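Computed over heavy atoms, backbone and side chain alike; hydrogens, waters and symmetry mates excluded. From a predicted model like this one, the values you see are computed outputs, not experimental measurements.
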Amino acid sequence: MKLCVALDNDSIVDNLALAEKLKDCDIWLKVGFRSYIRDGKEFLIELKKINPNFKIFLDLKLYDIPNTMADAAYEISQLGVDMFNVHASAGKIAMKEVMDRIKDLPNRPLVLAVTALTSFDNENFKYIYNENIAQKATTFAKDSYEAGLDGVVCSAFESLDIKNNTAKEFITLTPGIRPFGEDAGDQQRVADINVAFEQMVDFIVVGRPIYKSSNPKEVVEKILERL
Ligand code: C5P
């Protein structure tokens, strides 16, 4: 299991300072909407300068018509990131088109599909998708698997069922992790490291418990000890 640290700080200065503190740790970094919209490609370059071996997950959750998604996937592949994601609800045709566009590129990034955001509770999820989270997350995962993606973003509670319905190697990446039972914030379906292990999760994403801590490196080391 790998740890992916969300760089969701208020400024590029704070994010780079965090990356600097964690430069010797065996971790992935997650660059999301906020940081990428604000700091763009330059930010990715600065991160690689701190440690060229940092693996970067660009969490932009693409959702658009198939051709636009495939074009965007191609552009993301040129950024030198190691992983990015799309929404499974954009549909199988769009996901296939994404994979067709990038599959022959050298060192293409891994592609994951978001199933159900971890901030949804069942009631709010059902309002939009008309199905229970667990059921629909598995259906979305099967679609993503059949479209040739590398894995999915899901909650830790859905990981094992998804693997049983796709393949053991099909990657699960789970946000909403509170490693040692910290405050959930806006996340509804939070899990700790034990749940992640039981569910055979491949990547845990941790944001606030690390970047809001007064000693982020200590928190990361404590998590890495457990992994
Ligand atoms: O601070 P926290 O640990 O809750 O951060 C979780 C991170 O994972 C945030 O950057 C959030 O955007 C992202 N994420 C999520 N749920 C998803 C996909 C991504 O919380 N399904």
Side-chain angles (χ1 to χ4, degrees), residues 2 4-8 15 28-45 47-48 54-120 124-125 128-129 131 133 136-155 158-159 162 166 170-176 186-187 189 201-205 207:
K2 289 272 174 206
C4 186
V5 177
L7 299 176
D8 288 337
N15 276 334
W28 281 60
L29 299 176
K30 186 175 87 68
V31 174
F33 266 177
R34 184 184 192 184
S35 304
Y36 195 72
I37 287 169
R38 191 185 52 215
D39 307 319
K41 203 166 148 177
E42 284 306 308
F43 179 44
L44 305 177
I45 295 169
L47 288 174
K48 289 278 186 183
F54 270 147
K55 298 272 190 191
I56 298 179
F57 167 34
L58 189 61
D59 179 21
L60 298 183
K61 304 184 182 73
L62 304 184
Y63 184 102
D64 211 310
I65 59 171
N67 184 60
T68 305
M69 281 178 62
D71 286 344
Y74 175 82
E75 298 301 342
I76 288 174
S77 303
Q78 306 304 304
L79 296 173
V81 298
D82 303 281
M83 183 156 74
F84 71 94
N85 57 359
V86 303
H87 269 286
S89 54
K92 219 163 152 178
I93 294 173
M95 292 194 282
K96 273 193 179 143
E97 206 156 317
V98 163
M99 297 316 287
D100 277 350
R101 189 72 58 93
I102 66 168
K103 67 175 191 292
D104 296 327
L105 297 176
N107 303 320
R108 75 154 174 87
L110 296 169
V111 188
L112 307 184
V114 178
T115 55
L117 296 172
T118 39
S119 55
F120 272 126
N124 286 306
F125 184 85
I128 299 173
Y129 296 97
E131 246 180 279
I133 292 179
K136 192 69 185 174
T138 301
T139 310
F140 276 150
K142 280 193 204 158
D143 291 346
S144 319
Y145 182 66
E146 285 162 15
L149 272 73
D150 303 292
V152 288
V153 182
C154 59
S155 96
E158 290 129 27
S159 171
I162 285 174
T166 55
F170 195 54
I171 296 169
T172 56
L173 174 143
T174 65
D186 61 345
Q187 301 282 20
R189 289 170 298 133
V201 167
D202 298 290
F203 289 86
I204 53 168
V205 176

Run the salt-bridge test on Lys96 and Glu146 with the 4.0 Å N-O cut-off and return the result as yes or no. no
Looking only at heavy atoms, which two atoms of Phe84 and Val98 are closest? And how far apart? CZ-CG1, 4.3 Å
Count the heavy atoms of every other residue, nucleotide or ligand shown that sit under 6.0 Å from CZ of Phe125, and state whether that count exceeds 12. yes
Side-chain contact, heavy-atom cut-off 4.5 Å: Ile133 with Phe120? yes
Quick one: pull up CG in Asn85 and CD1 in Ile76 and give me the separation to the nearest 0.5 Å. 8.0 Å
As an exercise, state the distance from CD1 of Ile171 to OG1 of Thr166, rounded to the nearest 0.5 Å. 11.0 Å
Between Ala141 and Phe170, which heavy-atom pair has the shortest distance, and what is it? O-CE2, 3.7 Å
Here the gap from Glu42 atom CD to Ile45 atom CD1, rounded to the nearest 0.5 Å, amounts to 4.5 Å
Of all heavy-atom pairs between Tyr63 and Ala90, which one has the smallest distance, and what is that distance? CE1-N, 3.6 Å
How close do Val205 and Ala6 get, counting heavy atoms only, and between which atoms? CG1-CB, 4.3 Å
NZ/Lys55 to CH2/Trp28 distance, rounded to the nearest 0.5 angstrom? 5.5 Å
Are the side chains of Ile65 and Thr68 in contact, using a 4.5 Å heavy-atom criterion? yes
Test Asp39 against Val31 for side-chain contact (heavy atoms from CB on, under 4.5 Å), laying out the working first. CA-CA 10 Å; Asp39 307 319; Val31 174; over 6 Å; no
side-chain contact (heavy atoms from CB on, under 4.5 Å) for Phe33 and Asp59? Distances and angles first, verdict last. CA-CA 7 Å; Phe33 266 177; Asp59 179 21; over 6 Å; no
Using a 3.5 Å distance criterion without hydrogens, assess whether the side chain of Asp202 forms a donor-acceptor pair with backbone atoms of Thr172. yes
Find out whether the Lys NZ or Arg CZ of Lys136 is both under 6.0 angstrom from the six-membered ring centre of Phe140 and within 45° of the ring's axis. yes
So, are Lys48 and Asp82 salt-bridged, with charged N and O less than 4.0 Å apart? yes
For atom CD1 of Ile128, is the number of surrounding heavy atoms from other residues, nucleotides or ligands below 6.0 Å larger than 12? yes
Considering all heavy atoms, the nearest Ala137-Glu158 contact: CB-OE1, 3.9 Å
Hey, does Val152 have a side-chain heavy atom less than 4.5 Å from the side chain of Leu173? no
If you measure from CE on Met69 to CZ on Arg101, what distance do you get to the nearest 0.5 Å? 11.5 Å
Around Lys92, counting heavy atoms of other residues, nucleotides and ligands shown, do more than 12 lie under 6.0 Å from its NZ? yes
Applying side-chain hydrogen bond (donor to acceptor under 3.5 Å, both in side chains) to Arg34 and not counting sequence neighbours gives Asp10
Might you work through the side-chain contact (heavy atoms from CB on, under 4.5 Å) test for Tyr36 and Leu44, ending with a clear yes or no? CA-CA 9 Å; Tyr36 195 72; Leu44 305 177; 3.8 Å; yes
Please set out all donor-acceptor pairs under 3.5 angstrom arising from side-chain atoms of residues 103-115, sequence neighbours excluded.
from: Arg108; atom 1: NH1; to: Asp150; atom 2: OD2; distance (Å): 2.9
from: Arg108; atom 1: NH2; to: Asp150; atom 2: OD1; distance (Å): 3.1
from: Thr115; atom 1: OG1; to: Val153; atom 2: O; distance (Å): 2.8

What's the shortest heavy-atom distance between Gly148 and Met99, and which atoms? O-CE, 3.4 Å
Are a donor atom and an acceptor atom from the side chains of Thr118 and Gln187 found within less than 3.5 Å of each other? yes
Do Leu117 and Lys61 have side chains that get closer than 4.5 Å, going by heavy atoms? yes
Do the non-hydrogen side-chain atoms of Cys4 and Ile204 ever get within less than 4.5 Å of each other? no
side-chain contact (heavy atoms from CB on, under 4.5 Å) between Lys30 and Leu58: does it pass, once the steps are laid out? CA-CA 6 Å; Lys30 186 175 87 68; Leu58 189 61; over 6 Å; no
One should read off an interatomic distance between Ser77 OG and Ile102 CD1, to the nearest 0.5 angstrom, of 4.0 Å
Go through the steps to decide whether Asn15 and Ser35 satisfy the test side chain to side chain donor-acceptor pair (under 3.5 Å), and finish with yes or no. CA-CA 8 Å; Asn15 276 334; Ser35 304; 3.2 Å; yes
Side-chain touch Lys41/Leu79, heavy atoms, less than 4.5 angstrom: yes
State, with a plain yes or no, whether a side-chain heavy atom of Met95 is found less than 4.5 Å away from one of Val86. yes
